[in-house]
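Atom set for the values below is all heavy atoms of this structure, side chains included, hydrogens, waters and symmetry mates excluded. Along the sequence shown, residues are numbered consecutively beginning with 1. We count ligands from 1, going down the list as the structure has it; atoms in each ligand are counted the same way.
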Amino acid sequence: MPDATLLTGQVLSFTRSPFEGDPAGAVHLAEALLLRDGKIAKAGTRSALSAASPGATHIDYGDCVIMAGFVDAHVHYPQTAMIASWGKRLIDWLNTYTFPEEMRFADPAYADDIAGRYLDLALSHGTTTMASYCTTHANSVDAFFGAAGARGMRAVAGKTCMDRNAPAALCDTPQSAYDNSKSLLNKWHGVDRLTYAITPRFSPTSTPEQLDALGSLWAEYPDCLMQTHLSEQMDEIAWVKSLYPTARDYLDTYEGHGLLGARGLYGHAIHLDPRERDRLRDVGAALIHCPTSNTFIGSGLFDMAARVAEGQTVGLATDTGGGSSFSMLRTMAAAYEIGQLSGTALHPAQLLWLATAGSAQSLHMSGQIGNAVPGNEADLVVLDLGSTPAIAQRSARANDICEAVFPTIMMGDDRAIRQVWVGGRAIRNF
Ligand SMILES: [Zn+2]
């Protein structure tokens, strides 16, 4: 067995955040990566790495881009089969499409089927890590982690908790949410490359008692992540106000129950008050931008430039299946479009960074994933910059790597994914 793998192509990595200073100046290009023991051992020139490891298996990707696999910081794998469901806004969409589908996950065989289907779809779109909501059923968590573990993936998930304003078949209680979350956490957190996230769906579907119980659990296991939704639609915000009349604002319904912290992931976070923005930044929580979902469900425009300028940590996500795509390329394109509508054109380097290093930072996984540099785990995507005639004719005219990759961001799909590497292993040949 060869002891290493040499990949050659256009290896793209980041030397810093492209939101700090000239965006293009944050991009570093190398000719080759050397993979060993599931990690990136070296980056450099083709000749230097060939000489350093003459026994390595060499795979040449020509002028394809080799970069960190995409990191999707907010998905609902149980919504895979109901993606692109027509015509509703958030609350009606949950009641009409989401809850009936999530009830099917009481069947372990169905959960296994969808977990595998979702992960294969994600991988085929270049996504190597994601943070997923499961359903309220414990077996939905087992299905997801089992399937992610079998694929060798670094993944985050948690049992969704709800004890009101949802069908009885999907409701737990404060105590059972605590007990079941704790037992799943002890079963999966830190096993292989898996991370548990305590997961109250959002304030409208939890009583204060349930949020309290989950806040206590997080205090017992502070190295876990916590994921929830925040300020997605105006109707939802008004509903929260009526359900929590003494809360200062939506964020306070979490903060007052021990559910605000640096390892918290707050999905959407579009319509925030100044106090909420200050608190999120001060604790170092992550705002997870889900642009295809925000347009698909009609939620509003996340102001990326303003949030980054005020010092927020921001990740990027599909929000499958409120989002309309499994693809982080399509998600970057939607982020670009929402940026334009908000008055700021996000640079290609910023979009790529959000979809990799930015989301990894949100998940507290910088130094493991999200950047194709030595020491990180070898989770990689290989992008064909000419995957369709329309994209190829535009990228052929590009003057630099950022201009060359932008047509793939705007027009690309799973055809642009030449290959995915997970933990140093090519998991699929396309
Ligand atoms: Zn969501």
Side-chain angles (χ1 to χ4, degrees), residues 71-85 88-102 105 114-115 118 121-122 127 129-136 140-141 144 155-162 165-166 170 197-206 214 225-237 239-240 250-251 253-254 259 264-272 280 285-300 302 314-328 330-331 334-335 338 359 362-363:
V71 179
D72 188 342
H74 180 125
V75 311
H76 301 255
Y77 94 82
Q79 298 172 16
T80 295
M82 49 153 285
I83 194 169
S85 293
K88 302 289 183 186
R89 292 171 65 88
L90 178 60
I91 308 303
D92 287 341
W93 180 85
L94 286 170
N95 288 321
T96 306
Y97 296 121
T98 307
F99 291 154
E101 176 65 15
E102 291 192 0
F105 285 71
I114 298 295
Y118 165 76
L121 282 166
T127 299
T129 288
M130 69 289 296
S132 184
Y133 290 63
C134 301
T135 67
T136 41
S140 74
V141 181
F144 182 84
V156 179
K159 176 195 124 64
T160 293
C161 299
M162 300 194 284
N165 296 318
L170 287 178
I198 296 165
T199 308
R201 177 175 229 116
F202 66 156
S203 292
T205 50
S206 286
L214 295 174
L225 296 170
M226 192 286 302
Q227 58 183 351
T228 192
H229 296 87
L230 177 67
S231 296
E232 181 175 358
Q233 291 204 343
M234 299 311 290
D235 292 354
E236 170 211 13
I237 294 168
W239 192 22
V240 169
Y250 196 156
L251 184 66
T253 64
Y254 298 127
L259 293 170
L265 313 171
Y266 300 84
H268 305 295
I270 301 169
H271 312 284
L272 298 175
L280 288 161
L287 314 186
I288 308 301
H289 179 35
C290 308
T292 71
S293 173
N294 297 161
T295 51
F296 184 74
I297 310 184
S299 301
F302 180 88
V314 182
L316 189 66
T318 60
D319 192 25
T320 297
S324 54
S325 176
F326 295 94
S327 170
M328 289 299 283
R330 173 76 194 101
T331 302
I338 287 180
S359 283
S362 298
L363 302 180

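Distances from the Zn ion (ligand 1) show that H76 has an N/O/S atom below 2.8 Å. Taking backbone and side-chain atoms together, C290 has no N/O/S atom less than 2.8 Å away from the Zn ion (ligand 1).
Taking the six-membered ring where the residue is Trp, F202 and W239 present perpendicular rings, their angle passing 60° and hence far from 30°. Ring geometry for F105 against Y77 counts as perpendicular: the plane angle is over 60°, on a 0 to 90° scale with 30° as the lower cut.
Looking at H229, its N, O or S atom nearest to the Zn ion (ligand 1) turns out to be NE2. Residue-level check: among N/O/S atoms of D319, OD1 sits closest to the Zn ion (ligand 1).
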- side chain to side chain contact (heavy atoms under 4.5 Å, CB included) assessment of V75 paired with T127: CA-CA 11 Å; V75 311; T127 299; over 6 Å; no
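Under the 3.5 Å distance criterion, with hydrogens and angles disregarded, a donor-acceptor pair is assigned to the side chains of H229 and H74.
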